[in-house]
**Q** 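One structure, pasted below without further comment.
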Number of protein chains: 2
Amino acid sequence: MSQQSTRALLIRAAMIRFGREGYEAASTRAIAADAGTNISSIAYHFGGKEGLRIACADAVADQIQQVARTVPLVPVVLSPRMARATLRRLVRRMVTFLILGAGANEMVGFVLRELAQPDSPVLERLYATLVEPRHAGLCAIWSAATGRPAESDDVKLAVFTLVGQVAYFRLAAPIVQRRMGWQGYSRPEARAITRRLLVNLELMTGGGNG
Amino acid sequence: MSQQSTRALLIRAAMIRFGREGYEAASTRAIAADAGTNISSIAYHFGGKEGLRIACADAVADQIQQVARTVPLVPVVLSPRMARATLRRLVRRMVTFLILGAGANEMVGFVLRELAQPDSPVLERLYATLVEPRHAGLCAIWSAATGRPAESDDVKLAVFTLVGQVAYFRLAAPIVQRRMGWQGYSRPEARAITRRLLVNLELMTGGGNG
DNA sequence: CTGTATCAATCGATTGATTGAATTATTTGG
DNA sequence: CCAAATAATTCAATCAATCGATTGATACAG
């Protein structure tokens, strides 16, 4: 575990730098130094700075696939009861990953930077392989839970509001923590957030209005 | 309207560059060029790049103050009915500003970049003058609407989930629009989003669970 | 004249990329 | 089992390009 390949070390260091400072601002020298290697290792392993960027995107996609595997990619028939249970499980997973997960902060930061550049090649990659299929799967489950058509605008938007709530607690973490009087995100904080999100989820899916 | 001061032009150009590329990556040359002036004007008007950054933060604060003026800073007594009406009005305002408002994209991008640097001086400034008092005011209204204690963790978190939902539609705009099949954000799209958010708000505040 | 504002020109520092040598790891031949 | 040979990495050094900042000159209004 302590001995990692230079390639993996570079990706990890780049994720942090890219996330914190942005792609252009992050210097390859600093990344290489963080990884404990030479600048030209980046050219060797990834062809250049841009290749390292794409490698980071792939790493993010891999990680999120792990979290999102609760959402089936193929349509399955679910009872409303089981659909709601699946959604609850997913909310717990998202919170655990985004709030407690190691490296989640850096990964979210990285994705965020890419989001700010709507024509980013990284964004294109992430959307097609990750966002689109997972969101569609979520809509199907949401549909099973509420009885509303899965591909209706309102269901799609409802799913976005669910995801948005979780994401916000990571994005605006400095603000949230300060306002809550929290020193950081740990178990009790994650529990409090989860509790609130599950209440919202229940309200949105349980009453037949969602 | 078409004739603006160099100072204002620089702030506007900087907001776009800072938001899109990040503070460090955005070059003062490009900003000056966008503003149609010389590099050294930045040093003249703002003392340097850092001064321009702070000027952008102040501009953001001013804009948001306009939107948030619906939320009273001083405690007022509100009936649950009127409190809910106030919250609905605020949701409409937020959507109008974030989704339709000119320059909102750039401003959000700018704030987002600062959020990624938790010890940013800009963030400190924005929190004290903007986030803290407005969030507290929102909690008070939320409390009036639901009967729950305003400074309880759950109310504070509930308010964050409300704000987070709106914010997400701006932050993840490229993803949302693509998934929804939208070409951009315009009136009909804003209405659809507003409708969903008002439903969520009603569920959270109306049932006595929020 | 005085002060405000903008200009082109230039400063040292740092950027991503490249190079060929040096180092390390793996495979091969005896 | 060891040593020679080959391949795989990493290294310091260097490149042109660009960075933020500064300078002194210039233009203009009161």
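Throughout, a chain's letter reflects where its sequence line sits, starting with A, and its residues are numbered from 1.
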**Q** Look at the side-chain N and O atoms of A:Thr28 and state whether any lies under 4.0 Å from the OP1 or OP2 oxygen of C:dG16.
**A**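 Yes, such a contact exists.
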
**Q** With the threshold set at 4.0 Å, does a side-chain nitrogen-carboxylate oxygen contact exist between B:Glu24 and B:Arg53?
**A**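 Result for this pair is no, no salt bridge flagged.
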
**Q** Regarding B:Glu202 and B:Arg88, does a basic nitrogen lie under 4.0 Å from an acidic carboxylate oxygen?
**A**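 Yes.
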
**Q** Can you check the B:Tyr44 OH to D:dA27 P distance for me, whole Å?
**A**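 The answer, rounded to whole Å, is 18 Å.
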
**Q** Over how many whole Å does the gap from B:Tyr23 atom OH to D:dC19 atom C1' extend?
**A**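 These atoms are roughly 12 Å apart.
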
**Q** Taking atom CE of B:Met107 and atom CD1 of B:Ile64, what is their separation to the nearest 0.5 Å?
**A**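 The CD1 atom of B:Ile64 is 5.0 Å from CE of B:Met107, to the nearest 0.5 Å.
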
**Q** Using atom CG of A:Leu52 as one end and atom P of C:dA17 as the other, report the distance to the nearest whole Å.
**A**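 Spelled out: CG on A:Leu52 to P on C:dA17 is 10 Å.
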
**Q** At 4.0 Å (heavy atoms only), tell me whether B:Ala26 reaches a base, stays on the sugar-phosphate, or touches nothing.
**A**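 Touches sugar-phosphate only.
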
**Q** Got B:Leu138 and B:His135 here, is their nearest side-chain heavy-atom distance under 4.5 Å?
**A**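 No - every pair of side-chain heavy atoms lies 4.5 Å or more apart.
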
**Q** Quick one: A:Arg17 CZ to C:dT14 P, roughly how many Å, whole number?
**A**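 For the pair A:Arg17 CZ and C:dT14 P, the rounded distance is 14 Å.
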
**Q** According to the interplanar angle, ranging from 0 to 90°, do the rings of B:Phe18 and B:Tyr23 count as parallel (below 30°), tilted (30 to 60°) or perpendicular (above 60°)?
**A**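 Tilted: the ring planes of B:Phe18 and B:Tyr23 meet at 30° to 60°.
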
**Q** Does any donor-acceptor pair link the side chain of A:Ser40 with the base of D:dC11 at a separation under 3.5 Å?
**A**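 Indeed there is one.
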
**Q** OP1 or OP2 of D:dT10 sitting under 4.0 Å from any side-chain N/O of A:Thr37?
**A**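 False: A:Thr37 side-chain N/O out of range (4.0 Å or more) of D:dT10 OP1/OP2.
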
**Q** Between A:His45 and D:dA8, is there a contact of a side-chain N or O with OP1 or OP2 at under 4.0 Å?
**A**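 No, A:His45 has no side-chain N/O under 4.0 Å of OP1/OP2 on D:dA8.
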
**Q** Measure from CD1 on A:Ile31 to C1' on C:dA17 and round the result to the nearest Å.
**A**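 Rounded to the whole Å, the gap is 14 Å.
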
**Q** Between D:dA13 atom P and A:Arg29 atom CZ, what is the distance in whole Å?
**A**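 It is 13 Å, rounded to the nearest whole Å.
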
**Q** Considering just the side-chain nitrogens and oxygens of B:Asn38, establish if one lies under 4.0 Å of OP1 or OP2 belonging to C:dA5.
**A**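 Checking C:dA5 against B:Asn38, no side-chain N or O comes under 4.0 Å of OP1 or OP2.
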
**Q** What nucleotide, of C:dT10, D:dT10, C:dT6, holds the atom closest to the side chain of A:Thr6?
**A**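 Nucleotide nearest to A:Thr6's side chain: D:dT10.
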
**Q** Output the rounded distance in Å from CD1 (A:Ile39) to P (D:dC11).
**A**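 Taking CD1 of A:Ile39 and P of D:dC11, I get 10 Å after rounding.
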
**Q** Mind checking A:Ala25 for me? I need base, sugar-phosphate or nothing, with any heavy atom below 4.0 Å counting as a touch.
**A**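 The residue A:Ala25 makes no contact with any strand.
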
**Q** Could you give the CD-to-P distance, from A:Glu50 to C:dA17, as a whole number of Å?
**A**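 After rounding, the reported distance stands at 9 Å.
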
